[in-house]
Structures are given as C-alpha cells and as structure tokens.
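Below is one structure, written out as structure tokens; the observations come after it.
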Amino acid sequence: MKTLLEIVLKAFIGGLFVVAFALLAEAVQPKRFAGVFAAAPSVALGGLILTVVFKGDVEAARAARGMGAGALAFTAYCLVEVPALGRVKAVRGSAAALVVWFAVAAAIAFAVAS
C-alpha cells in the first residue's frame with residue numbers, strides 16, 4: 001500500500017510541478033529559455049521531495065548526485081550534437097553524441113564510485 005501511495009503522490013506532485021514550471025516558462029522572455037523550465041526539472045524536483053519523505057535525505061542526496069551526473073553527460077551530448085548535425089547526417093551525429101553521452105556518464109559514475 002505504501003508503494004501505491006508513493007506512486008500516486010509522485011504522479012500528482014510531478015504533475016503539479018510540471019504545471020507550475022509551464023506557467024513560469026510562459027512568462028520568460030525570450031521564449032527559447034522556456035525549455036529550461038520544461039518537464040524534466042519539475043518531475044525531478046517532485047521526485048526528490050517524495051524521496052526525502054519516503055526514503056530519507058541520504059537516498060535523496062544519492063538521487064540528486066545521479067541527476068547531476070546525468071545533466072553533465074547530457075550537456076556533453078548537446079555540445080557534440082549541435083555541431084555534428086551541421087557536419088554529418090542526423091543519424092551519424094546523434095550516434096556520435098550518444099557515444100559521448102555514455103562515455104561521460106560512465107566516467108562520472110566511475111569517478112564517484114572510486
């Protein structure tokens with residue numbers, strides 16, 4: 001029953017944050033910054049709040065570190081993908097960027113685990 005309650009609360013709070021961040025994105029100028037306030041940060045924030053409530057702050061800190069590592073790896077992906085799309089076709093550029101994403105994520109995971 002606790003797991004079902006946790007799932008329902010995550011869905012509700014995640015949705016609430018998505019709506020809040022969407023409203024914030026509508027108010028931001030220029031509109032190209034609206035993506036910064038997209039669903040991912042709001043769902044992550046809702047998930048972290050519920051992780052603290054149900055599993056404690058130690059587990060939430062672990063989850064937050066994982067989110068930070070994922071964000072760094074995704075930033076590396078974007079830094080490779082944008083120029084790659086201009087030089088090679090979409091499939092090859094995306095494949096190259098995915099390799100970089102996985103390599104950076106693996107390096108961070110290895111560095112944190114050591």
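No hydrogens, no waters, no symmetry mates; every other heavy atom, side chains included, goes into these values.
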Testing the basics here: between A90 and L85, what is the closest heavy-atom pair and its distance to 0.1 Å? CA-CD2, 3.7 Å

Heavy-atom closest pair, residues P83 and C78: CD-O, 4.4 Å

hydrophobic_cluster_shared for V100 and L72, side chain cutoff 4.5 Å: yes

Nearest 0.5 Å please: distance from the CG atom of L48 over to the CG atom of D57. 11.5 Å

Assigning hydrophobic clusters by single linkage (Ile, Leu, Val, Met, Phe, Trp, Tyr; side-chain heavy-atom cutoff under 4.5 Å), is F12 placed with V53? yes

Here the pair of heavy atoms bringing G93 nearest to V88 is N-CG2, 3.5 Å

Could you tell me the separation between the CZ atom of R62 and the OG1 atom of T51, rounded to the nearest 0.5 Å? 11.0 Å

Please determine whether residues L5 and I49 belong to a single hydrophobic cluster, defined as Ile, Leu, Val, Met, Phe, Trp and Tyr linked transitively by side-chain heavy-atom distances below 4.5 Å. yes

Side-chain contact test, heavy atoms from C-beta onward, threshold under 4.5 Å: evaluate it for L9 versus F54 and give yes or no. yes

Is F74 linked to L98 within one hydrophobic cluster, defined over Ile, Leu, Val, Met, Phe, Trp and Tyr using a side-chain heavy-atom separation of less than 4.5 Å? yes

In this structure, CH2 of W101 is separated from OG1 of T75 (nearest 0.5 Å) by 10.0 Å

Scanning both residues in full, the closest heavy-atom pair of V104 with A76 reads CG2-CB, 3.7 Å

Determine whether a donor-acceptor pair (N or O, by modelled atom type, separation under 3.5 Å) exists between the side chain of E81 and the backbone of A97. no

Between atom CE of M67 and atom CG of L45, what is the distance when rounded to the nearest 0.5 Å? 9.0 Å

